[in-house]
Amino acid sequence: MMGQETTGAPDAVAQPLFATTHWSVVLAAAERENPAAAAALERLCRTYWYSLYAYVRRQGYSPEDAQDLTQEFFARLLARDSLAQVGPQKGKFRSFLLAALRHFLSDQRDLARAVKRGGGAEVFSLDALEAEARYRLEPVERLDAEKLYERRWAMTLLEQALNRLRDESAAAGKTRLFEALRSLVAGESDVTCGEAASELGLSESAVRSALHRLRERYRALVREEIAHTVADPAEIEAEIRYLITVLSQ
């Protein structure tokens, strides 16, 4: 049995959708007197670093060079002077980061200067073993560098939303329920509702109701994560449709 846990999905905390966007973090980090925003931008980089690393690897760079180039790119991005001219007018945050990375790689080639292993500026630690383990699982033929980047970006958004749902469930004392239904919420049918009900000691109808509520909240969190990456609320629906297309490829 579940003890104190209940079957309801975690209660959503009402917050303005655009209270904090990736753009607002970047703009705030450009202010020299705002160290908290700089730390927030670093966390943002930690979230999306693998998408950029995968792009660099698919461009033909070795694992060592890809790691160093990704580190150097973030070091330059996090330098506040480089953020002074950045703003939401740049469009989608996804597109901005890729364009900035392309420009950076072009500079490296134009200068005929490769970043030597260990010589780049390390702004935070990239797990090289984890990165390569993930990269070896990527489709070899099907996706070019840009499509791979976009697929990884979309999957990171989904992961962020699922992690938030996990945290909300834990805060509501419903960790066991969430873990039992996690694969069903995410669309990975490792278990059935009947199997989850047996594991939890609940009726199947109760589990189905809980699953419905969790899925509804998950969809709302995915929407919020996407909203954080665009400059205008009017762009949300188009970005959702685009990322669904990316994931289906």
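Here, residue 1 is the first one in the sequence, and each next residue gets the next number.
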Side-chain donor/acceptor of [X] to backbone N/O of [Y], under 3.5 Å:
| X | Y | value |
| --- | --- | --- |
| S169 | L165 | yes |
| R217 | H212 | no |
| S248 | T245 | yes |
| E195 | T192 | yes |

> When you look at Q71 and R76, which way does the side-chain contact (heavy atoms from CB on, under 4.5 Å) test go after all the steps?
Replying inline: CA-CA 9 Å; Q71 280 278 10; R76 294 192 183 189; over 6 Å; no
> Given the rule in the side-chain contact (heavy atoms from CB on, under 4.5 Å) test, do L162 and F178 qualify, once you have shown the distances and angles that lead to the verdict?
Replying inline: CA-CA 10 Å; L162 197 61; F178 172 80; 4.1 Å; yes
Where [X] and [Y] come nearest, the two heavy atoms and their spacing:
| X | Y | answer |
| --- | --- | --- |
| C193 | L211 | SG-CD2, 3.7 Å |
| A196 | A180 | CB-O, 4.3 Å |
| T175 | A170 | OG1-CA, 3.2 Å |
| A145 | Q59 | CB-NE2, 3.5 Å |
| L157 | I226 | CD1-CG1, 3.9 Å |

Roughly how far apart are [X] [atom1] and [Y] [atom2], rounded to 0.5 Å?
| X | Y | atom1 | atom2 | answer |
| --- | --- | --- | --- | --- |
| T70 | Y55 | OG1 | OH | 11.5 Å |
| K92 | L97 | NZ | CG | 14.0 Å |
| L214 | R166 | CG | CZ | 14.0 Å |
| L202 | R208 | CG | CZ | 13.5 Å |
| K174 | L181 | NZ | CG | 12.0 Å |
| E225 | L158 | CD | CG | 9.5 Å |

>> Check this for me: does any side-chain nitrogen of one of R94 and E239 sit under 4.0 Å from a carboxylate oxygen of the other?
In response: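 Here R94 pairs with E239 in a salt bridge, since their nearest N and O are under 4.0 Å apart.
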> Is the shortest distance from a Lys or Arg side-chain nitrogen in E179 or R176 to a carboxylate oxygen in the other one below 4.0 Å?
Replying inline: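 Not counted as a salt bridge, because no side-chain N and carboxylate O are separated by less than 4.0 Å.
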> Below 6.0 angstrom between ring centroids: does that apply to Y48 and W153?
Replying inline: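 Yes, the ring centres sit under 6.0 Å apart.
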> Please walk me through it: do L221 and Q160 pass side-chain contact (heavy atoms from CB on, under 4.5 Å)?
Replying inline: CA-CA 9 Å; L221 290 172; Q160 288 292 105; over 6 Å; no
>> Using side-chain contact (heavy atoms from CB on, under 4.5 Å), reason through L148 and D144 one step at a time and then give a plain yes or no.
In response: CA-CA 6 Å; L148 178 58; D144 62 20; over 6 Å; no
> Of the options Y61, F104, Y149, F73, which is the one that meets V56 in a side chain to side chain contact (heavy atoms under 4.5 Å, CB included)?
Replying inline: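 Only one option passes, and that is Y61.
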>> Is there a salt bridge (Lys or Arg N to Asp or Glu O under 4.0 Å) between R213 and E216? Walk through the geometry before answering.
In response: CA-CA 5 Å; R213 288 189 288 270; E216 286 291 307; over 6 Å; no
>> Could you check whether any side-chain heavy atom of E72 comes within less than 4.5 Å of a side-chain heavy atom of Q67, counting everything from C-beta outward?
In response: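 No; the side chains remain at least 4.5 Å from each other.
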> Does the side chain of R164 come under 3.5 Å of the side chain of Y218 through a donor N or O and an acceptor N or O?
Replying inline: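 No, Y218 and R164 have no side-chain donor paired with an acceptor closer than 3.5 Å.
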>> If you apply the rule side-chain hydrogen bond (donor to acceptor under 3.5 Å, both in side chains), what do you find for Y53 with R152, and how did you get there?
In response: CA-CA 10 Å; Y53 174 88; R152 281 295 127 195; over 6 Å; no
> After noting the C-alpha distance and the side-chain angles of E146 and R151, does the key distance pass the salt bridge (Lys or Arg N to Asp or Glu O under 4.0 Å) rule?
Replying inline: CA-CA 9 Å; E146 182 173 347; R151 180 175 176 83; over 6 Å; no
